[in-house]
2 protein chains.
Amino acid sequence: MPRPAKRATSADVARAAGVSRATVSYVLNNRPDQSIPDTTRRRVLEAAESLEYRPHGNARSLVSGRSDIVLLSVPDLPIGTGISRFVEEFAAALAEHGLTLVTHLAAARGRPLPDVCATVGATAVTGFAPFDADTARALRAAGAEVVLPSPTDVPDIMLPIGSIQAEHLIGRGHQRLGYALPAHPRFQQMAAERLRGVEQACVETGLQPPVTATVSLDVGVAADAVTNWIGQGVTGICAFNDETAVAVLAGAQSRAVRVPEELAVIGVDDILVAPLTNPPLTTVRFDLHAVARRRAELVVAGLTGHDAPAATESEISAGLVERSST
Amino acid sequence: MPRPAKRATSADVARAAGVSRATVSYVLNNRPDQSIPDTTRRRVLEAAESLEYRPHGNARSLVSGRSDIVLLSVPDLPIGTGISRFVEEFAAALAEHGLTLVTHLAAARGRPLPDVCATVGATAVTGFAPFDADTARALRAAGAEVVLPSPTDVPDIMLPIGSIQAEHLIGRGHQRLGYALPAHPRFQQMAAERLRGVEQACVETGLQPPVTATVSLDVGVAADAVTNWIGQGVTGICAFNDETAVAVLAGAQSRAVRVPEELAVIGVDDILVAPLTNPPLTTVRFDLHAVARRRAELVVAGLTGHDAPAATESEISAGLVERSST
DNA sequence: GTGAAAGCGCTAACAC
DNA sequence: GTGTTAGCGCTTTCAC
């Protein structure tokens with residue numbers, strides 16, 4: 001069978017079916033307000049099928065003035081976290097609503113976000129942290145109808161991770177906590193957020209604030225931190241993430257500090273190797289799948305003008321994964 | 001200053017500058033074949049600036065018949081690998097050529113790839129494994145000008161990982177190797193590929209083929225595998241990836257098998273915790289950055305019709321990261 | 001050097 | 001019920 005070199009257009013289908021382009025459009029979009037006889041409908045459908053016709057998204061969004069593209073601004077963090085998982089889940093969730101995800105690395109290289117927003121014609125733009133007022137305005141001017149999260153939104157991906165960690169440790173009887181900060185500069189903001197949660201939990205329980213230390217992914221550095229913690233009577237460590245927690249574990253081991261008897265450690269993320277450390281790492285895992293779905297819902301809600309269904313508490317919360325390191 | 005509610009169009013700029021839309025187009029696209037007086041040029045530029053004008057990518061590609069969108073089909077693998085890193089690097093590399101990356105999860109959920117290709121109007125489609133003839137044809141019919149890798153291409157992301165691992169071990173005097181396969185079904189194909197590299201290296205050196213075992217991320221399972229390997233005189237293990245390698249390490253430790261004296265282990269990926277294991281994990285790291293750039297070059301070359309510059313050997317190769325587990 | 005006009009593929013009023 | 005027409009924002013001959 002002869003293959004059309006170029007992709008088929010709506011006009012090709014119309015010609016093949018012996019109808020007008022309007023009719024093709026009606027049939028293919030299932031317009032309820034148009035009643036098309038079954039025979040015509042079938043002819044159109046068959047023609048479209050045999051020509052392998054697919055509507056041209058660009059042209060369509062040009063006329064509707066609204067694309068189905070959602071832009072995600074990804075912070076240029078060192079990898080190993082759940083971010084990529086989030087991205088994939090988010091893309092899948094959006095796809096179910098007929099939306100297409102485009103990610104943009106918010107690194108120095110590459111064009112500014114509003115430019116990208118305009119060139120891809122994004123209808124919605126979202127990121128991990130709220131956009132500042134200027135950026136948000138520029139994004140709107142670039143054509144974005146929905147910009148999330150806004151500064152007033154409780155960023156729904158910022159779960160009370162720190163509190164969960166601290167409460168777990170406190171519930172186990174620990175009276176003096178330490179916090180292991182990551183060394184990478186890009187993580188500082190997120191780390192501060194989580195540390196705040198730990199501090200809050202300490203205050204509420206009448207404990208002193210946690211003793212912080214920056215722990216790079218180096219056994220020596222971690223070992224020194226451990227020694228210092230022990231010296232200050234700290235018995236439980238909340239680590240920024242699992243990698244940092246593994247470093248603390250390694251540091252403790254190198255100083256012959258027993259975990260969890262002398263020092264309990266809790267991480268965040270439940271990375272694949274978490275059950276394989278010695279002892280197996282206790283950690284906080286948040287359900288990226290649910291968070292991503294939730295975010296997709298918010299985007300869709302913003303686009304349709306409807307309110308987003310209230311988030312089910314359990315849907316977006318983080319869960320403790322207890323193993324033997326605490 | 002009054003903000004335009006809607007995004008500015010080329011016509012708005014023309015009006016503000018007191019010129020025609022054509023002139024705006026010439027100025028903004030720096031058309032060399034048109035000589036525009038500096039005063040006019042400046043007026044246009046200023047108008048565009050003050051209106052925050054950004055060209056509308058959709059409309060542009062509608063007329064040029066070619067979008068700047070590259071579609072990446074991502075296999076639905078369990079995360080923790082370098083895939084996400086590749087995606088991010090790839091997106092950045094494409095962005096430098098003015099191309100936009102859209103990723104699509106090749107999972108069951110979601111529409112078939114050719115559909116997605118057509119709706120986003122992708123000019124190029126690429127993936128990790130070659131597309132079969134039918135899919136490739138459908139993609140072309142959907143408007144893709146470039147489809148990579150083709151079955152005849154040597155998939156440039158499939159580096160000779162297995163060989164590198166095996167050669168390292170053999171170079172250290174190991175005479176009998178083991179291979180630790182991952183448990184996850186989605187990894188089987190990639191694992192088979194790497195295993196093949198190990199087998200090949202063994203054949204070339206006159207060794208017996210490696211003793212394979214499937215090692216899930218469970219200490220018990222790994223421990224049994226270790227015992228079995230030791231029983232068969234195996235002294236060096238190539239693991240499918242670092243997570244699997246960490247499992248082997250844990251298994252060895254639980255059976256009091258000393259690493260690397262009794263059993264050497266080498267992984268792949270250089271995950272963040274690799275230097276933190278006990279002993280620190282030797283691994284093979286491939287430069288995702290280079291691989292991604294290379295892939296972007298291939299796409300651009302295909303689009304422009306030029307030949308891609310030959311890959312510098314060192315550019316796309318994988319590198320050994322020696323640590324004390326071998 | 002600059003403007004007028006056509007047209008990319010599609011949808012939406014409005015005729016017939 | 002279906003076809004005709006206009007136009008989304010942009011680029012691009014082709015006159016002027």
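Note on naming: letters A, B, ... go to the chains in the order of the sequence lines (proteins, then strands), and numbering restarts at 1 for each one. All heavy atoms count here, side chains included; hydrogens, waters and symmetry mates do not.
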(request) Return the value, rounded to whole Å, for the distance between atom CZ of R15(B) and atom P of dA4(C). (result) 13 Å
(message) Please enumerate all residues that pass side-chain hydrogen bond (donor to acceptor under 3.5 Å, both in side chains) together with D132(B), with sequence neighbours excluded.
(response) T135(B)
(message) Taking ring pair (Phe, Tyr, Trp, His ring centres under 6.0 Å) as the definition, give me every residue that meets it alongside F90(A), ordered by chain and number, with sequence neighbours left out.
(response) F86(A)
(message) Using the salt bridge (charged side-chain N to carboxylate O under 4.0 Å, His left out) criterion, which residues pair with E145(A)? Sequence neighbours excluded.
(response) R66(A)
(message) Tell me the interatomic distance from R43(B), atom CZ, to dG3(C), atom C1', rounded to whole angstroms.
(response) 14 Å
(request) May I ask you to say what G18(A) touches in the nucleic acid, namely base, sugar-phosphate or nothing, with a heavy-atom cut-off under 4.0 Å? (result) sugar-phosphate
(request) Any chance you could list the contact pattern along nucleotides 11-16 of chain C? Use B for base contacts, S for sugar-phosphate-only contacts and - for none, protein heavy atoms under 4.0 Å, 5' to 3'. (result) BBB---
(message) For S20(A), give me all partners under side-chain hydrogen bond (donor to acceptor under 3.5 Å, both in side chains), at least two apart in sequence or on another chain.
(response) T23(A)
(request) Would you mind telling me which of T123(A), T100(A), L94(A) makes a side chain to side chain contact (heavy atoms under 4.5 Å, CB included) with V70(A)? (result) L94(A)
(message) Does dG1(C) have OP1 or OP2 under 4.0 Å away from a side-chain N or O of S35(B)?
(response) yes
(request) Check the distance between dC8(D)'s P and D12(B)'s CG and give it to me in whole angstrom. (result) 11 Å
(request) Please identify each residue that fulfils salt bridge (charged side-chain N to carboxylate O under 4.0 Å, His left out) with R54(B), with sequence neighbours left out. (result) D115(A)
(request) Starting from C1' on dG9(C), measure out to CG on N58(B) and report it in whole angstrom. (result) 12 Å
(request) Using atom CZ of R66(A) as one end and atom P of dG9(D) as the other, report the distance to the nearest whole Å. (result) 15 Å
(message) By nearest atom, which of the nucleotides dC10(C), dG3(D), dG3(C) is closest to the T23(A) side chain?
(response) dG3(D)
(request) Could you tell me the separation between the NE2 atom of H56(B) and the C1' atom of dC8(D), rounded to a whole number of Å? (result) 8 Å
(request) Round to a whole Å and report the spacing from CG of L62(B) to P of dT12(D). (result) 13 Å
(message) Going by salt bridge (charged side-chain N to carboxylate O under 4.0 Å, His left out), name the residues that satisfy it together with D12(B), two or more places apart in sequence or in a different chain.
(response) R15(B)
(message) Heavy atoms only, 4.0 Å cut-off, all strands: where does I36(A) land among base, sugar-phosphate and nothing?
(response) sugar-phosphate
(message) Checking N30(A) against R41(A) for the side-chain hydrogen bond (donor to acceptor under 3.5 Å, both in side chains) test, could you report, in this order, the C-alpha distance in whole Å, the side-chain angles of both residues, the deciding distance, and whether it holds?
(response) CA-CA 10 Å; N30(A) 270 318; R41(A) 164 179 305 269; 3.3 Å; yes
(message) Taking salt bridge (Lys or Arg N to Asp or Glu O under 4.0 Å) as the cut-off, I'd like each qualifying pair that reaches into residues 120-131 of chain B, sequence neighbours left out, listed once.
(response) none
(message) Show me the dot-bracket string of DNA chain C, counting Watson-Crick or G-U pairs under 3.5 Å, with | for pairs to another strand and [ ] for crossing ones.
(response) |||||||||||.||||
(request) Using the P atom on both, measure dT5(D) against dA6(C) and round to a whole Å. (result) 14 Å
(request) With sequence neighbours left out, write down each residue that passes side-chain hydrogen bond (donor to acceptor under 3.5 Å, both in side chains) with R42(A), or none if nothing qualifies. (result) none
(request) Could you pull out all residues at least two apart from T9(A) that satisfy side-chain hydrogen bond (donor to acceptor under 3.5 Å, both in side chains)? (result) none
(request) With heavy atoms under 4.0 Å as the rule, sort T40(B) into base, sugar-phosphate or nothing. (result) sugar-phosphate
(message) Under 4.0 Å, heavy atom to any atom of DNA chain C: which of residues 115-122 of chain A qualify?
(response) none
(message) Could you walk me through whether R294(B) and E297(B) satisfy the salt bridge (charged side-chain N to carboxylate O under 4.0 Å, His left out) test, starting with their C-alpha distance in whole Å, then the side-chain angles of each, then the deciding distance to 0.1 Å, before giving a yes or no?
(response) CA-CA 5 Å; R294(B) 172 75 188 147; E297(B) 269 170 19; 3.4 Å; yes
